[in-house]
Amino acid sequence: MTDLYAVAGNPISHSKSPLIHSAFARQTQQDMLYKAQLMPLDGFALKAGKFFEHGGSGLNVTVPFKEDAYRFADEWTPRARRAQAVNTLKKLENGRILADNTDGVGLVRDLTLNHHLSLTGKRILLLGAGGAVRGVLQPLLEQQPAELVIANRTLSKAQQLALDFADLGVVIGCGFEAVEGAFDLIINGTSASLGGECPPIPASALKADTVTYDMMYGAGRTVFNQWAHEQGVTITLDGLGMLVEQAGEAFYLWRGVRPDTAAVVDTLRRERRV
Ligand code: ATR
């Protein structure tokens with residue numbers, strides 16, 4: 001029987017997840033169907049409940065339902081508990097719903113496997129302190145960077161996040177203007193680019209071999225990566241690889257098979273969809 005999966009969000013028509021998971025299913029010969037599911041803004045739990053009652057096997061969850069999906073689940077992976085927001089739900093054999101957050105491991109896999117960067121012992125600056133950043137903190141800290149600085153427009157949110165994850169490594173929260181010294185890696189996890197803006201960090205945060213990474217992606221460089229490029233940064237990466245890797249990790253949780261994620265990143269870039 002064909003197993004049914006979907007990505008749930010609002011809006012959802014722009015989502016590349018159906019394309020990505022269909023490619024994974026073809027590659028690994030899994031008998032599954034994956035569709036995009038528009039959810040009502042005030043009715044995630046009801047609609048997700050119906051999806052699973054009617055035979056659905058798993059859901060990916062995107063903006064703005066990741067916290068709703070966290071509350072909807074019956075069981076959580078440790079990283080999902082930390083993130084308090086999830087992008088993957090799986091119906092277990094006993095009917096209970098397991099929640100996972102694969103965003104952080106997707107980011108780390110993209111950085112370390114696709115781009116061959118080591119994070120261990122490095123100075124990392126993470127911009128933003130919303131759900132996207134909370135979701136990636138545990139997997140990033142598991143790589144044991146020397147120091148992870150969280151800088152955010154609203155200082156209190158950066159400080160709170162730093163406190164919440166202090167047991168996992170050296171984590172510091174500050175405002176953009178208080179960012180000091182240069183970093184090996186700067187990750188933009190703010191939604192500033194959506195409004196065409198760039199988080200105002202000092203240019204002194206960059207050095208000759210700093211790598212910048214924007215969790216967002218688009219046809220050209222993001223506003224943040226464009227700024228870094230203009231300051232002389234040579235490696236500016238976007239979040240397409242993270243998108244495909246978080247999908248690969250969800251696919252693995254559901255099907256127990258690892259898809260060839262690099263091939264799908266290549267196809268998406270070649271087809272100039274992004
Ligand atoms: P997400 O789920 O994408 O993380 P979020 O939880 O609403 O969304 O968080 C958005 C993040 O982007 C926050 O860190 C926000 O900063 P504040 O905490 O100060 O609101 C940040 N952000 C949004 N627009 C921004 C801008 N124009 N400049 C800088 N930071 C911005």
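As the structure lists them, so they are numbered: ligands from 1, and atoms in each ligand from 1. Everything numeric here is computed off the predicted structure, so don't read it as measured data.
- Using a cutoff of 4.0 Å between basic side-chain nitrogens and carboxylate oxygens, K207 and D184 are scored as salt-bridged.
- A donor and an acceptor atom, one from each side chain of T28 and R255, are nowhere located under 3.5 Å apart.
- T102 and N87 share a donor-acceptor pair across their side chains, judged by distance under 3.5 Å alone.
- At least one N or O atom of G131 sits closer than 3.5 Å to an N or O atom of ligand 1.
- Annotation: atom 21 (C) of ligand 1 to nearest protein heavy atom, T190 CB, 3.7 Å.
- Given atom 24 (N) of ligand 1, the protein heavy atom at minimum distance is R153 NH1, 3.6 Å.
- A salt bridge links R269 with D238: the closest approach of a Lys/Arg side-chain nitrogen to an acidic carboxylate oxygen falls below 4.0 angstrom.
- Looking at D103 and K66, their side chains come closer than 4.5 Å, going by heavy atoms from C-beta outward.
- What sits closest to atom 19 (O) of ligand 1 on the protein, heavy atoms only, is T154 OG1, 2.5 Å.
- Looking at A129 next to ligand 1, an N or O pair under 3.5 Å apart turns up.
- For N60 and Y34, the side-chain atoms include at least one donor-acceptor pair closer than 3.5 Å.
- Of the residues listed (L137, L185, L125), the one engaging L148 in a side-chain contact (heavy atoms from CB on, under 4.5 Å) is L137, and it is the only one.
- At a heavy-atom cutoff of 4.0 Å, ligand 1 is contacted by the side chain of N152 but not by its backbone.
- Here E249 pairs with R258 in a salt bridge; the nearest charged N to carboxylate O distance falls below 4.0 Å.
- Atom 29 (C) of ligand 1 has F176 CE1, 3.8 Å as its closest protein atom, hydrogens excluded (heavy atom only).
- Close contacts of ligand 1 with K157, meaning ligand atoms under 4.0 Å from a residue heavy atom, involve 17 (P), 18 (O), 20 (O).
- At a distance under 4.0 Å, a protein heavy atom can be found next to atom 12 (O) of ligand 1.
- Note on R82 versus D167: salt bridge recorded, some NZ/NE/NH1/NH2 to OD/OE distance being below 4.0 Å.
- Protein heavy atom closest to atom 23 (C) of ligand 1, with residue, atom name and distance, is S191 OG, 3.3 Å.
- Protein heavy atom closest to atom 27 (N) of ligand 1, with residue, atom name and distance, is E197 OE1, 3.0 Å.
- Residue contact check: G128 has heavy atoms under 4.0 Å from atoms 14 (O) of ligand 1.
- For atom 2 (O) of ligand 1, the choice among P64, G130, A192, A132 with the nearest heavy atom turns out to be A132.
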